[in-house]
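Working notes, structure below.
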Amino acid sequence: AQSVTQLDSQVPVFEEAPVELRCNYSSSVSVYLFWYVQYPNQGLQLLLKYLSGSTLVKGINGFEAEFNKSQTSFHLRKPSVHISDTAEYFCAVSQNSGYSTLTFGKGTMLLVSP
Amino acid sequence: GAVVSQHPSWVICKSGTSVKIECRSLDFQATTMFWYRQFPKQSLMLMATSNEGSKATYEQGVEKDKFLINHASLTLSTLTVTSAHPEDSSFYICSARESGTGGGNYGYTFGSGTRLTVV
């Protein structure tokens, strides 16, 4: 079984400032890692995913994340946020087999203010 | 890219009635679909996994007789909330995994969700 911990339930930040959303995972086997964004009353949109290879993963909307196996982390970063980035962000993990389910963290609300 | 259409986006129903939510993969075949429930300001909780042509696998604590899941084709799965009560009010989201994806090609696509309110 695997689990995901998103330590920050809410992260307030000013527009154009950098941001990091933290994600730690626990698993007894190798994993795939994902970050999703959810806008109010909408489904989830994939920002990026780590499957294998380079530990630095670049996604949509200027986001990137780095897989750190020793620290079992997959933190999400953006060098300069916009008001439109205000949303809920979910980190998710699955076993690295083709047919495993996703386990989600509790989410981090990113609040960008002018 | 892959698109999953979920309908309705919102529904209000009276207590005791049943509500059906559809999840349709528009441009790909989905062997497996997932149904999640999300309470306000909380994460997604997996309710069940449905595979085309077979019975759904429900997570512990989910009433299979209340939440009926049908996955009759490779592009359509439905969730029916039977005899709905106010405590069933929630945001329900489906997800579809494209057939044949696995390993390095991980194709999960989410629907836009359904807000169910039972009055």
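Only this structure's heavy atoms are used, side chains among them; waters, hydrogens and symmetry mates stay out.
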Query raised in the report: By a 4.5 Å heavy-atom criterion (distance strictly below it), what part of A:Gln45 contacts chain B: side chain, backbone, both, or neither?
Result: neither
Query raised in the report: Is there a side-chain contact between B:Tyr108 and A:Leu46, using heavy atoms and a 4.5 Å cut-off?
Result: no
Query raised in the report: Given the options B:Leu44, B:Ile93, B:Val4, which has more heavy-atom pairs under 4.5 Å with chain A than any of the others?
Result: B:Leu44
**Report entry** Interface moiety of A:Tyr39 toward chain B, non-hydrogen atoms closer than 4.5 Å
**Finding:** neither
Query raised in the report: Nearest 0.5 Å, what's the OH-CD distance between B:Tyr36 and B:Glu59?
Result: 9.0 Å
Query raised in the report: What closest approach, in Å, do B:Asp88 and B:Ser83 show between heavy atoms, and which atom pair accounts for it?
Result: OD2-O, 4.2 Å
**Report entry** cation_pi(A:Lys78, A:Phe63) dist<6.0 Å, angle<=45
**Finding:** yes
**Report entry** Engaged part of A:Phe104 at the chain B interface, taking heavy atoms whose separation is under 4.5 Å
**Finding:** both
Requested in this report: Return the orientation label for the A:Tyr50 and A:Phe74 ring planes: parallel under 30°, perpendicular over 60°, tilted otherwise.
Outcome: tilted
Query raised in the report: Quick one: of B:Gln38, B:Lys41, B:Arg115, who has the most non-hydrogen atom pairs under 4.5 Å with chain A?
Result: B:Gln38
